[in-house]
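Worksheet: one structure, shown below.
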Amino acid sequence: MSQSASLEMPVKKLWGGGTSPFGTSYGKLMMWFFLISDAFTFSSLLISLGYARYVHADAWPVVENVFYHFPFVHGHLPLLYVGLMTFILIISSVTMVLAVDAGHTNNKKGVLFWLGLTVIGGLVFLSSQAWEWYTFIVGNPEGKLMQIVNAEGQTVMATVHGANLQYNEYGHTLFANFFFFITGFHGFHVFTGVLLNAIVWIQAYNGVFERRGHYEMVEKVGLYWHFVDLVWVFVFTFFYLL
Amino acid sequence: MIQEIDQSFQYSQPHARTPEQSRAVRKKILMVTLLLSAITIFEVAVGIIWSKTHVGATSGTWQLIKYTYIVLTLIKAGYIVLVFMHLGDESKSLRTTILLPFILIIYFIWIMLIEGNDIVQYLQSVLK
């Protein structure tokens, strides 16, 4: 990477135009600013989650007793599936780094190969999340007998299966709400990232960046994709591990 | 008359690299990949062996595990931001501009802890 050449320039040249602020490109700078604002949104969500957990500590479920399913395997397997999802996202982040790296040396074949793998990794992650949501919403066959407010507004005892926004079999209502909102918002980001990566892949395939002379667009979507991975690292810790 | 201005400084340009430089870059990426994977595997293994149900949510062991998790998460985040997002290679002023606002997040956590404590006390006094 280019060490900020602008810093060594004489002051007159630095302020006389003809250089980019911070020695980085305009597009990358704007992507960083967007990511800061997005990081604040996710931080707010995770801090509110911590707040709700703390206030409703007695009604909050132990997360490993909620997410212990694994596709095609029966039994109590906590953390393994979500650990696998984390791993998938980290690996797709690595392939993105390699795509950006290939772009630095104008290597079109490398960009197409690694960016293609990144798109596939993102799709695998999204389908894993769909399965996680499905398992969470359907719930256990035995369900849980609990007090709920029915459609007529009466409080009745009923067997609850799985989760929705009003009540869930696992614990406090907010638990399911935060699960849907945080992983849903993150999943929406992953979906957007896959879309952006796919568009850039098609552009690279059509030789747009070759004609342009640089692969900066790969760097920009790369920043976004790494941010998505970064957010998942925090969601993994603060939702699943703690 | 308008002069044609070289606009190339506005974009990050490709640069030729020696095979040694390419190898160094790849080695760094590989090392960070292994580290991130190792931390994730370690976290999952700890979560399975010393699970919250087994050690008890209020026990000292769980407190230790909890803070270990948070430290490991911050280490992972640091490697992703500094190496994968190349923030470590940017100028110092840009790094400061991006990282400094997150002081506000620490402040946010602090005021929400105070707020949470107040609400818990209030709920207890109401229920009495």
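Order of the sequence lines fixes the chain letters, A, B, ..., with proteins taken first and strands second; residue numbering starts at 1 for each chain. Only this structure's heavy atoms are used, side chains among them; waters, hydrogens and symmetry mates stay out.
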Relative to chain A, which segment of [X] carries a heavy atom at a distance below 4.5 Å: side chain, backbone, both, or neither?
X: B/L36; result: both
X: B/I65; result: neither
X: B/L72; result: neither
X: B/L99; result: neither
X: B/R26; result: side chain
X: B/I119; result: side chain

### Task
Compute the ring centroids of B/Y69 and A/F238, then answer whether they are less than 6.0 Å apart.
no
Among the options [options], pick out the one with the most heavy-atom pairs lying under 4.5 Å from chain B.
options: A/D229, A/V62, A/I91, A/L223; value: A/L223
options: A/L46, A/L29, A/I47; value: A/I47
options: A/Y215, A/F33, A/F87, A/W225; value: A/F87

What's the spacing between [X] [atom1] and [Y] [atom2] if we round to 0.5 Å?
X: A/L241; Y: B/I70; atom1: CG; atom2: CD1; value: 10.0 Å
X: A/L84; Y: B/T40; atom1: CG; atom2: OG1; value: 11.0 Å
X: A/F22; Y: B/T96; atom1: CZ; atom2: OG1; value: 8.5 Å
X: B/T97; Y: A/I36; atom1: OG1; atom2: CD1; value: 8.0 Å
X: A/W232; Y: B/K76; atom1: CH2; atom2: NZ; value: 11.0 Å
X: A/L79; Y: B/I49; atom1: CG; atom2: CD1; value: 11.5 Å

For [X], look at atom [atom1] and say whether over 12 heavy atoms of other residues, nucleotides or ligands are found less than 6.0 Å away.
X: A/Y224; atom1: OH; value: yes
X: B/M31; atom1: CE; value: no
X: A/F34; atom1: CZ; value: yes
X: A/F181; atom1: CZ; value: no
X: A/W131; atom1: CH2; value: yes

### Query
So among A/I90, A/L230, A/V97, which one has a side-chain contact (heavy atoms from CB on, under 4.5 Å) with B/I80?
A/L230
### Message
So, applying side-chain contact (heavy atoms from CB on, under 4.5 Å) with B/M85, which one of A/H226, A/M31, A/K28 is it?
### Response
A/H226
### Query
How far apart are the closest heavy atoms of B/V81 and A/W32, and which atoms are they?
CG1-CH2, 4.4 Å
### Query
What are the two closest non-hydrogen atoms of B/F84 and A/V94, and how far apart are they?
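The pair with the smallest heavy-atom distance is CZ-CG2, 3.7 Å.
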### Query
Considering only heavy atoms from C-beta outward, does the side chain of A/Y54 approach that of B/M112 to under 4.5 Å?
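Sidechains of B/M112 and A/Y54: no contact.
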Go through the atoms of [X] and report whether side chain, backbone, both or neither lie under 4.5 Å from a heavy atom of chain B.
X: A/L77; answer: neither
X: A/L35; answer: side chain
X: A/T105; answer: both
X: A/V233; answer: both

### Query
Hey, mind stepping through A/F40 and B/F102 against ring-ring contact (aromatic ring centres under 6.0 Å, His included) and telling me if it holds?
CA-CA 8 Å; A/F40 270 66; B/F102 288 93; 5.3 Å; yes
#### Entry: B/F108/A/S44 under side-chain contact (heavy atoms from CB on, under 4.5 Å): CA gap, chis, key distance, verdict
CA-CA 8 Å; B/F108 193 9; A/S44 308; 3.8 Å; yes
### Query
Just by modelled atom types, is the A/F234 backbone N or O under 3.5 Å from a matching donor or acceptor in the B/T73 side chain?
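Absent.
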### Query
Within the distance-only criterion (no hydrogens, no angle test), does the side chain of A/E64 pair as donor or acceptor with the backbone N or O of B/K52 below 3.5 angstrom?
yes
### Task
Using a heavy-atom cutoff of under 4.5 Å, enumerate the residues of residues 106-115 of chain A that contact chain B, numbered in order, or state 'none'.
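Only A/N106, A/W114 of residues 106-115 of chain A have a heavy atom under 4.5 Å from chain B.
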With chain A as the partner, which of [options] has the greatest number of non-hydrogen pairs under 4.5 Å?
options: B/L123, B/N117, B/I41; answer: B/N117
options: B/G47, B/S22, B/S51, B/A45; answer: B/S51
options: B/V83, B/L113, B/V120; answer: B/V120

#### Entry: Full working for side-chain contact (heavy atoms from CB on, under 4.5 Å) between A/V82 and B/V44
CA-CA 9 Å; A/V82 72; B/V44 171; over 6 Å; no
